[in-house]
2 protein chains.
Amino acid sequence: MSNPAERAEKLTDALRESGIRLTRQRRLLLDIVSRSDDHPDAVELHRRATDQMPGISLSTVYRTLSALEEHGVVQRHQFQNDTARFEPADGAHHDHMIDLDSGEVVEFHSDQIERLQSELAAEAGYEIVAHRMELYVRKIDKEG
Amino acid sequence: MSNPAERAEKLTDALRESGIRLTRQRRLLLDIVSRSDDHPDAVELHRRATDQMPGISLSTVYRTLSALEEHGVVQRHQFQNDTARFEPADGAHHDHMIDLDSGEVVEFHSDQIERLQSELAAEAGYEIVAHRMELYVRKIDKEG
DNA sequence: AACCAGTTGCGAACGATTTGCAAGTACGTC
DNA sequence: GACGTACTTGCAAATCGTTCGCAACTGGTT
Ligand SMILES: [Mn+2]
Ligand SMILES: [Mn+2]
Ligand SMILES: [Zn+2]
Ligand SMILES: [Zn+2]
């Protein structure tokens, strides 16, 4: 939908309008998260941030990620037995497959599943506020 | 599939065969979990166990639940922002809807979704080892 | 009845995340 | 461009669900 640079810019604009104070730390983290496509966790984001801002604290990373999440520009995912992972929240909704061997996270989407989920909820008298679907997978072995 | 009594008995048999030692604490917890249909967490199970065995420790509850999980007679679920919840693992696979207002957990199953999940994984070159699907829902408001 | 590896209760440790607080800073106002 | 203040930061300590070390205990076997 957008390259990392405009993605970060778009998110910065969204933030400025929401009245949140744009500190150096927040700008940096927003930029780093926007450019990431690998669902990093807080410690990894702190590591990346430290390259450009040596003194930044892990607390600030956590606080900033929570703030960015509240303002809807970042999404948090809590996969099984793992630390929370983050990604920019600009794209369309999608779910995740986690490769158990490599740890790689693959994104996917199925309109059909989403529709069925809504129907099943409706049948039970509910509307869906949020959902989570994760497939823990292994590469299919092509060898004999 | 089975009433709580035979359910507990069936699970006890499965355990005995697996060589695990059947202590009073394990028998009690196995019985309590088998009779539960509300996905209790460790603290709640400890509370229920204490009624019949005042001295039982929370550590033992946690250790026992892990043991029962390893032996395949109990299943653990980690819903969003919540402690781990447990249920007997004798029935067929199902997924969960969590009522955000009441906390109630509703079970559901869709062959069609399960099939689509496998197809999507296969398309990406993967086979599913495990998956998790949770719908966080609210009762549909019938009022104007 | 004796044996002993597995299990328990207790308290301490763990680890990811959050929080209190004093010092620092963004940003609207003059 | 400096000022004032409410918001933010870095640090260290707290939190909290869960796990772990260890000495005492016990299930199941001989
Ligand atoms: Mn993603
Ligand atoms: Mn269930
Ligand atoms: Zn989805
Ligand atoms: Zn399922």
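In the text below, chain A, chain B and the rest are named by the order of the sequence lines, each starting its count at 1.
Each of B:A42 and A:R24 has a nearest nucleotide on DNA chain D; the 5'-most of these lies closest to A:R24. Each of B:A84 and B:T23 was matched to the nucleotide of DNA chain D holding its nearest heavy atom; the match closer to the 5' end belongs to B:A84. Place B:R21 and A:R85 on DNA chain C by their nearest nucleotides, and B:R21 ends up nearer the 5' end.
One finds a side-chain N or O of B:R26 lying less than 4.0 angstrom from the OP1 or OP2 phosphate oxygen of C:dT7. Remark: A:Q25 is in phosphate contact with D:dG10, judged by side-chain N or O atoms under 4.0 Å from OP1 or OP2.
Side-chain contact between B:R47 and B:V43 is absent, with no heavy atoms from C-beta onward closer than 4.5 Å. Using a 4.5 Å heavy-atom cutoff, the side chains of B:D95 and B:I113 are not in contact. A:M133 is listed as a side-chain neighbour of A:F108, based on a closest heavy-atom distance under 4.5 Å.
A side-chain donor-acceptor contact under 3.5 Å links B:R76 and B:S66.
Between B:I20 atom CD1 and C:dT7 atom C1' there is a gap of 10 Å when expressed in whole angstrom units. In this structure, NE2 of A:H46 is placed 14 Å from P of C:dT17, rounded to the nearest angstrom. Here the C1' atom of nucleotide C:dT7 and the CG atom of B:L68 are 13 Å apart, to the nearest Å. The CZ-C1' distance, from B:R27 to C:dG6, rounds to 15 Å in whole Å. Spacing between atom CD of A:E44 and atom P of C:dT17 amounts to 14 Å, rounded to whole angstrom units. If you measure from atom CG of A:D41 to atom C1' of C:dT17, you get 12 Å, rounded to the nearest angstrom. The separation between B:L45 atom CG and D:dG17 atom P is 15 Å, rounded to whole Å. Regarding B:L28, its CG atom lies at a distance of 14 Å from the P atom of D:dG27, rounded to whole Å.
Under a 4.0 Å N-O distance rule, the pair A:R115/A:E119 does not qualify as a salt bridge. Salt-bridge annotation for A:R48 and A:D51: absent, with no side-chain N of the basic residue lying under 4.0 Å from a carboxylate O of the acidic one. Ion pairing between a basic and an acidic side chain is recognised when a charged N comes within 4.0 Å of a carboxylate O; A:D101 and A:K139 show no such pairing. A salt bridge between B:D31 and B:R24 is absent, with no side-chain N of the basic residue lying under 4.0 Å from a carboxylate O of the acidic one.
In this structure, the helix from C:dA1-D:dT30 to C:dC30-D:dG1 shows an angle of 30° between the axis at its start and the axis at its end, each fitted on 5 base pairs and rounded to 10°.
Identified under the ring-ring contact (aromatic ring centres under 6.0 Å, His included) test for residues 28-65 of chain A, with sequence neighbours left out: A:H39-A:H96. Sorted by first and then second residue, the ring-ring contact (aromatic ring centres under 6.0 Å, His included) pairs with a member in residues 115-140 of chain A read A:H93-A:H131; sequence neighbours excluded.
Note that CD1 of B:I128 is 7.5 Å distant from CE of A:M97, once rounded to the nearest 0.5 Å.
Near DNA chain D, meaning a heavy atom under 4.0 Å from it, residues 75-83 of chain B has B:T83 in order of number. Sorted by residue number, the members of residues 53-67 of chain A with any non-hydrogen atom under 4.0 Å from DNA chain C read A:S59, A:Y62, A:R63.
Applying the side-chain contact (heavy atoms from CB on, under 4.5 Å) rule to B:T60 yields the partners B:Q25, B:I56, B:S57, B:R63, B:T64; only residues at least two apart in sequence or on another chain are considered.
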